[in-house]
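Sequence lines set the chain letters: A, B, ... in the order given, protein chains first and strands last, and positions in each chain run from 1.
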Amino acid sequence: MSRPLPPAHFAGDPVPIARGLLGGTLVRLTPEGKRLSGRIVEIEAYDCPRDPACTAGRFHAARSADMAVAPGRWLFWTAHGHPLLQVSCRPEGIAASVLIRALEPLEGVGQMLTNRPVTRERDLTNGPAKLVYALGLNPAQIGGTAVDSTELHLLAPESPLPAHQVEVTARVGIKEGRNLPWRFVIRGNPWVSPALPSMEMTAPS
DNA sequence: ACAGTGATGTGCT
DNA sequence: GCACATCACTGTA
């Protein structure tokens with residue numbers, strides 16, 4: 001088994017970093033010693049300096065500063081009252097991040113269902129805020145900590161995902177910047193978030 | 001389809 | 001200060 005990805009891994013362009021994280025594992029160790037984990041099946045990149053979808057710079061000065069921390073820190077963006085899990089990228093002073101959007105549950109499914117009761121297990125972690133609730137993450141406690149901390153860390157995929165298994169689309173839930181193919185999904189995986197029809201990107205000819 | 005959520009920003013007094 | 005509007009979402013239907 002590989003070691004947790006170190007903060008230095010995130011000191012660059014969030015787009016290839018997001019692509020490389022697809023198929024990796026998010027691991028959570030609870031204070032009670034329970035191990036919860038899931039395979040990353042959907043992920044997006046945000047790169048504020050060149051990204052019209054990134055509202056941090058234009059509309060959210062304080063949040064932009066929060067995102068411009070040193071690379072490899074856990075961040076929680078909030079949208080519509082829900083926390084979204086991200087990792088800071090690029091050198092300190094530049095707001096950029098990757099957003100983990102959906103997991104395929106691996107370990108601790110029972111605990112996840114306790115944290116977030118749901119009728120269809122399919123809905124347990126198929127959205128960016130859903131997985132935060134299922135893993136029982138407390139933004140106030142985890143926000144700002146290093147990405148390789150014991151309580152929450154990332155493992156790279158055993159081997160890089162072959163290109164034919166990776167679907168590249170526009171990002172979900174944004175207005176501007178839909179032309180940027182910065183969402184990465186494991187093709188055909190049933191655990192990806194419910195995608196809005198208009199969000200799908202036409203394949204290059 | 002649509003209400004509700006909460007952090008943040010804008011505009012008015 | 002106060003009233004809205006906005007948003008990278010979720011829950012119930």
Just how far, in rounded Å, is [atom2] of [N] from [atom1] of [X]?
X: A:Lys175; N: C:dA5; atom1: NZ; atom2: C1'; result: 10 Å
X: A:Glu44; N: C:dC9; atom1: CD; atom2: P; result: 8 Å
X: A:Asp123; N: C:dT12; atom1: CG; atom2: C1'; result: 12 Å
X: A:Gln86; N: C:dC9; atom1: CD; atom2: P; result: 11 Å
X: A:Leu75; N: B:dT8; atom1: CG; atom2: P; result: 14 Å
X: A:Tyr46; N: C:dC7; atom1: OH; atom2: C1'; result: 11 Å
X: A:Arg120; N: C:dA13; atom1: CZ; atom2: P; result: 14 Å
X: A:His80; N: B:dA3; atom1: NE2; atom2: P; result: 14 Å

For the residue pair A:Ala95 and A:Ala68, what are the closest heavy atoms and their distance? N-CB, 3.9 Å

With a 3.5 Å limit on both atom pairs, tell me what C:dA5 is paired to, counting Watson-Crick and G-U wobble, or say none. B:dT8

Taking only N and O in the side chain of A:Lys130, is any of them less than 4.0 Å away from OP1 or OP2 of C:dC9? no

Hey, does the side chain of A:Arg116 come within less than 4.0 Å of C:dT10's phosphate (OP1/OP2), counting only N and O? no

Base, sugar-phosphate alone, or nothing: which one does A:Ala129 contact when heavy atoms must sit under 4.0 Å apart? sugar-phosphate

Please work out if A:Tyr133 contacts a base, only the sugar-phosphate, or nothing of the nucleic acid, heavy-atom cut-off 4.0 Å.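 Answer is nothing: A:Tyr133 stays at 4.0 Å or more from every strand.
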
Would a distance-only check, ignoring hydrogens and angles, find a side-chain to backbone donor-acceptor pair under 3.5 Å from A:Arg116 to A:Leu124?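 Side chain of A:Arg116 to backbone of A:Leu124, a donor-acceptor pair under 3.5 Å: yes, one is there.
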
Please check if the side chain of A:Glu42 supplies one atom and the backbone of A:Ser193 the other of a donor-acceptor pair under 3.5 Å. yes

Among A:Ile43, A:Leu84, A:Val172, find the residue that satisfies the side chain to side chain contact (heavy atoms under 4.5 Å, CB included) test when tested with A:Pro128.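 By the side chain to side chain contact (heavy atoms under 4.5 Å, CB included) criterion, A:Pro128 pairs with just one of A:Ile43, A:Leu84, A:Val172: A:Leu84.
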
When the nearest nucleotide of DNA chain C is assigned to A:Ser97 and to A:Pro117 on a heavy-atom basis, which residue is associated with the more 5' position?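 Of the two residues, A:Ser97 wins.
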
Side chains of A:Val27 and A:Leu155, heavy atoms from C-beta outward: is any pair under 4.5 Å?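 When only atoms from C-beta onward are counted, A:Leu155 and A:Val27 do touch, with a gap below 4.5 Å.
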
Under 5.5 Å centre to centre and under 30° between planes: does that hold for A:His82 and the six-membered base ring of C:dC9?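 Stack criterion not met.
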
